[in-house]
Protein chains: 2
Amino acid sequence: MSEPFLDTLDEQSPAPAEIAKPVASLHEGLLVALRDFIVEGNLEDGARVPERALCERFNISRTPLREALKVLAAEGLIELLPNRGARVRELSSADLRELFDVMGGLEALAGRLACERITEVEFAEIERIHHEMYRFYLRRDMHGYFHCNQAIHQLIVAAAGNATLSATYAGLAGRIRRVRYSANLAKDRDRLGEAMREHEAILDALRRRAGSELSDILFLHLRNKLKAAQAPALAAGA
Amino acid sequence: MSEPFLDTLDEQSPAPAEIAKPVASLHEGLLVALRDFIVEGNLEDGARVPERALCERFNISRTPLREALKVLAAEGLIELLPNRGARVRELSSADLRELFDVMGGLEALAGRLACERITEVEFAEIERIHHEMYRFYLRRDMHGYFHCNQAIHQLIVAAAGNATLSATYAGLAGRIRRVRYSANLAKDRDRLGEAMREHEAILDALRRRAGSELSDILFLHLRNKLKAAQAPALAAGA
DNA sequence: GCTGATCATTTTGCATTCATTTTTTGGAAG
DNA sequence: CTTCCAAAAAATGAATGCAAAATGATCAGC
């Protein structure tokens with residue numbers, strides 16, 4: 001068998017992006033579909049994005065497709081080379097570091113804001129999932145563990161109650177989601193225990209509504225996650 | 001005379017956005033031009049964006065213009081109503097709060113990263129501008145003061161050495177730049193002194209490379225800035 | 001046999017065109 | 001005079017067409 005978990009990193013971002021829009025449009029559909037198509041890895045890293053083929057794939061003409069490509073390029077998912085079409089953007093390890101740091105900064109912010117406004121009900125839900133994650137951890141059930149981990153981070157961002165933050169965060173997460181390496185994380189048992197302890201600290205700070213402290217913990221948590229992800233260099237699934 | 005300084009808020013963001021792109025494209029030009037056109041306030045808040053007029057204004061056909069509009073909508077500068085065209089997005093006070101908080105989070109991150117990698121030369125430059133700002137403060141020269149203030153924040157973000165952060169930050173700053181209220185800030189002398197003291201603390205923390213501390217200070221600095229900006233509600237220039 | 005140039009094919013970028021939808025305008029009824 | 005409806009006008013969303021650029025394929029030259 002191949003790698004145990006070719007899941008994407010244990011990051012959140014359920015919906016691709018979406019800056020608050022009053023009503024849904026028709027073109028929106030294509031944008032979402034195309035973004036998913038790329039994020040889900042249907043195109044190779046650095047591969048050129050075939051306009052014509054995608055037009056047939058989505059049953060549309062080139063005009064709306066090209067509009068969507070422009071948007072995805074602005075999001076950083078692809079890059080547009082003048083007169084040479086679109087290419088799936090490759091993430092260098094430096095890009096990855098940058099993305100993790102910014103996501104760490106945004107999670108730090110989310111934690112701080114969450115401390116200001118989180119309700120007991122919301123906290124209880126996070127705590128519940130945390131305990132569930134702990135059980136997965138004890139059983140070494142990586143799939144369940146990652147799922148809970150993702151849910152917790154997602155709930156913290158949501159608890160911040162800031163749509164702009166959520167949208168910004170989701171946009172960056174989408175760019176990372178193409179990168180696959182959880183096999184890496186799964187193999188490093190020490191990191192797993194460490195991550196579990198960090199999550200304990202996160203929950204504790206959140207319980208005490210210690211915003212500034214939680215902020216630090218979350219940023220460092222992301223830093224450690226990055227380190228673990230790119231450390232052994234056994235990375236890159238497939 | 002009207003307000004003393006109908007400048008935009010003392011925020012940075014020199015170049016509109018730009019996610020790292022290998023080479024410049026032709027379409028890029030239109031996008032930048034159109035973004036500036038809107039950011040500079042050539043269109044009323046909430047006004048519909050006249051496609052035809054802009055086509056003539058920029059001497060292009062509707063196709064590239066519409067592509068640019070889609071991108072600007074994704075950035076959050078305008079909103080696209082299905083079958084009803086584009087409108088300049090209005091910022092509610094809640095939107096403004098969200099934007100300030102996220103920018104505060106990003107500045108907090110910038111400060112943290114800057115502490116890790118800033119050079120003595122870069123720090124000296126920031127310190128120099130800080131002292132220049134102090135002289136403007138003593139003379140109550142608001143224009144010079146704001147200019148220095150903006151430069152300092154900009155240099156901290158730059159010192160973070162994270163292009164993704166810079167681009168994200170610039171994008172949000174662009175959305176705020178349409179809002180004008182420095183008249184507000186200028187009138188509140190107490191806030192000015194307070195801001196000056198906060199900047200002292202920022203410089204001090206940066207000097208000591210106290211990342212986590214600087215992070216807190218910067219976030220709260222932005223919070224206070226928002227409070228001052230929307231407190232007296234004499235806001236909204238013109 | 002390999003490198004480099006010329007030409008055909010494909011692809012990109014933009015303008016134009018077409019079908020729908022929305023907005024405006026004019027008028028009739030109450 | 002106001003309100004409602006209908007038709008004209010305009011604008012939007014998407015498809016097609018066309019010029020320019022790039023890709024590749026073939027062929028000449030070394």
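All chains are named by letter (A, B, ...) in the order of the sequence lines, taking the proteins before the strands, and each is independently numbered beginning at 1.
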Legend entry - Partner set under side chain to side chain donor-acceptor pair (under 3.5 Å) for A:N162, not counting sequence neighbours: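 Residues passing side chain to side chain donor-acceptor pair (under 3.5 Å) with A:N162: none at all.
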Atom [atom1] of [X] and atom [atom2] of [Y]: how far apart are they, to the nearest 0.5 Å?
X: A:M103; Y: A:L109; atom1: CE; atom2: CG; result: 13.0 Å
X: A:E44; Y: A:R178; atom1: CD; atom2: CZ; result: 7.5 Å
X: A:L172; Y: A:E98; atom1: CG; atom2: CD; result: 11.0 Å
X: B:I60; Y: B:R57; atom1: CD1; atom2: CZ; result: 10.5 Å

Once you round it to whole Å, what is the distance between [atom2] of [N] and [atom1] of [X]?
X: A:L81; N: C:dG13; atom1: CG; atom2: C1'; answer: 14 Å
X: B:E56; N: D:dA11; atom1: CD; atom2: P; answer: 10 Å
X: A:R66; N: D:dG13; atom1: CZ; atom2: C1'; answer: 16 Å
X: A:L65; N: C:dG13; atom1: CG; atom2: P; answer: 12 Å
X: B:R52; N: C:dT17; atom1: CZ; atom2: P; answer: 12 Å
X: A:E51; N: D:dA21; atom1: CD; atom2: C1'; answer: 14 Å
X: B:L80; N: C:dT21; atom1: CG; atom2: P; answer: 18 Å
X: B:K70; N: D:dT12; atom1: NZ; atom2: P; answer: 11 Å

Legend entry - Listed once per pair and sorted, the ring-ring contact (aromatic ring centres under 6.0 Å, His included) pairs that draw on residues 33-54 of chain A, sequence neighbours left out: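 Applying ring-ring contact (aromatic ring centres under 6.0 Å, His included) to every pair that reaches into residues 33-54 of chain A, excluding sequence neighbours, yields A:F37-A:F58.
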Inset, instruction - Please list, chain by chain and in numerical order, all residues satisfying salt bridge (charged side-chain N to carboxylate O under 4.0 Å, His left out) with B:E125, sequence neighbours excluded. - result: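 If we apply the salt bridge (charged side-chain N to carboxylate O under 4.0 Å, His left out) test to B:E125, skipping adjacent residues, the hits are B:R128.
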Look for any protein N or O under 3.5 Å of an N or O in nucleotides 22-24 of chain C and output each such pair with its distance, or none.
{"residue": "C:dT23", "atom": "OP1", "partner": "B:R84", "partner atom": "NE", "Å": "2.6"}
{"residue": "C:dT23", "atom": "OP1", "partner": "B:R84", "partner atom": "NH2", "Å": "2.9"}

Inset, instruction - Please name the pair of heavy atoms, one in B:N224 and one in B:R191, separated by the smallest distance, quoted to 0.1 Å. - result: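 The pair with the smallest heavy-atom distance is CB-NH1, 3.4 Å.
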Output a table of nitrogen or oxygen pairs between the protein and nucleotides 15-18 of chain D separated by less than 3.5 Å.
{"residue": "D:dA15", "atom": "OP2", "partner": "A:S61", "partner atom": "N", "Å": "2.8"}
{"residue": "D:dA15", "atom": "OP2", "partner": "A:S61", "partner atom": "OG", "Å": "2.3"}
{"residue": "D:dA15", "atom": "O5'", "partner": "A:S61", "partner atom": "OG", "Å": "3.2"}
{"residue": "D:dA15", "atom": "N7", "partner": "A:T63", "partner atom": "OG1", "Å": "2.9"}
{"residue": "D:dT16", "atom": "O4", "partner": "A:T63", "partner atom": "OG1", "Å": "3.3"}

Inset, instruction - May I have all residue pairs that pass side-chain hydrogen bond (donor to acceptor under 3.5 Å, both in side chains) and include part of residues 109-119 of chain B, sequence neighbours excluded? - result: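 Qualifying pairs, neighbours excluded: A:D216-B:R112, A:R223-B:E116, B:T119-B:E122.
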